[in-house]
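Being a predicted model, the structure only gives us computed values, none of them experimental.
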Amino acid sequence: MPDALRPKLVLASASPRRLGLLQQVGIEPDVLKPTDLDETPKKSELPRSLATRLAAEKVAAGIAWTKQDADLAGSLVLAADTVVAVGRRILPKAETIDEAVACLRLLSGRSHRVWTGVALGSDKLSVRSRLVEARVRFKRLSADEIDAYVACGEWRGKAGAYAVQGIAGSFVVKIVGSYTTIVGLPLSETVGLLEAAGYPVRAGWSSPIVASA
């Protein structure tokens, strides 16, 4: 599809991880537009409901923004939100050392769930969404491991106070489900939403990089 006919794509996120995942499958957003929402869970809100709601709200905010720019009229807006939970307990996107330590102590030696909601819409298309779950088990973490990980700062702003694609990958002993869901953007479901909306996902595959043996 010629670029003139391809719908523009707005990624409503400041996450370099989500951008990197899209680029991994040959998709380059035209605009990056982070949203500024209150992500506080509602009273008694379940983890899966929170991930779904916030993804949809981010898309709605992105659509409202595109309506103010004639060049972005009709753009597709993509957003996602990731929630880490132990049972019904939603872990924060840690911003303080105390939050990070508390999360890591809770996750140590046990399984938890990661929910990522992904949503897509435009001012011409209704918002569609998918919710994907993965289960992760951490090894038992020593106090020294927790202290060293907190000192590295990788956890800051991450749901559950860890980044599975970074140093914290060494804590994981088992994953059931989609790895990209844990990173923050389930690729299979995201590509499906884009294709259903008429976005030419495979246009960027014309010059594949051949991996060496």
Side-chain angles (χ1 to χ4, degrees), residues 1-39 48-84 93 114-134 157-159 163-166 177-211:
M1 180 183 293
D3 282 349
L5 300 178
R6 176 182 64 80
K8 290 183 177 180
L9 178 62
V10 175
L11 177 60
S13 175
S15 168
R17 299 166 299 283
R18 292 188 176 118
L19 175 59
L21 286 170
L22 284 177
Q23 292 170 332
Q24 177 182 317
V25 292
I27 299 171
E28 191 69 47
D30 297 278
V31 179
L32 302 179
K33 178 59 178 177
T35 56
D36 184 16
L37 298 177
D38 180 359
E39 300 188 5
R48 59 185 298 153
S49 301
L50 177 63
T52 301
R53 175 174 66 82
L54 290 179
E57 288 182 357
K58 290 177 182 180
V59 167
I63 291 172
W65 178 74
T66 63
K67 288 180 178 179
Q68 300 174 21
D69 189 332
D71 291 336
L72 294 175
S75 295
L76 294 171
V77 179
L78 176 68
D81 190 80
T82 300
V83 174
V84 172
K93 294 178 180 177
V114 180
W115 301 93
T116 293
V118 57
L120 181 76
S122 75
D123 58 359
K124 299 178 181 178
L125 296 174
S126 59
V127 176
R128 295 184 178 182
S129 64
R130 297 288 184 273
L131 178 68
V132 188
E133 174 197 0
K158 308 295 193 304
V164 72
Q165 73 279 9
S178 162
Y179 173 78
T180 56
T181 293
I182 305 166
V183 177
L185 189 71
L187 282 179
S188 178
E189 290 76 11
T190 298
V191 166
L193 286 171
L194 286 166
E195 287 181 325
Y199 189 87
V201 171
R202 290 181 292 278
W205 298 3
S206 56
S207 301
I209 297 173
V210 179

Does a side-chain heavy-atom distance below 4.5 Å link [X] with [Y]?
{"X": "K93", "Y": "D81", "value": "yes"}
{"X": "L76", "Y": "L125", "value": "yes"}
{"X": "V164", "Y": "R17", "value": "no"}
{"X": "L72", "Y": "W65", "value": "yes"}
{"X": "L9", "Y": "L194", "value": "yes"}
{"X": "V31", "Y": "K8", "value": "no"}
{"X": "V25", "Y": "V201", "value": "no"}
{"X": "Y199", "Y": "I27", "value": "yes"}

> Is there a donor-acceptor pair closer than 3.5 Å between any side-chain N or O of T35 and the backbone N or O of L37?
Replying inline: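 It does not hold such a pair.
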
>> Under a 3.5 Å distance rule, please check whether S178 uses its side chain to pair with a backbone N or O of P186 as donor and acceptor.
In response: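 Between the backbone of P186 and the side chain of S178 there is no qualifying donor-acceptor contact (under 3.5 Å).
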
> What's the shortest heavy-atom distance between V77 and A12, and which atoms?
Replying inline: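 V77 and A12 have their closest heavy atoms at CG1-CB, 4.0 Å.
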
Side chain to side chain donor-acceptor pair (under 3.5 Å) involving [X] - partner list, sequence neighbours excluded:
{"X": "E195", "answer": "R202"}
{"X": "S75", "answer": "none"}
{"X": "R130", "answer": "none"}

>> Using side-chain contact (heavy atoms from CB on, under 4.5 Å), reason through T116 and L185 one step at a time and then give a plain yes or no.
In response: CA-CA 7 Å; T116 293; L185 189 71; 5.7 Å; no

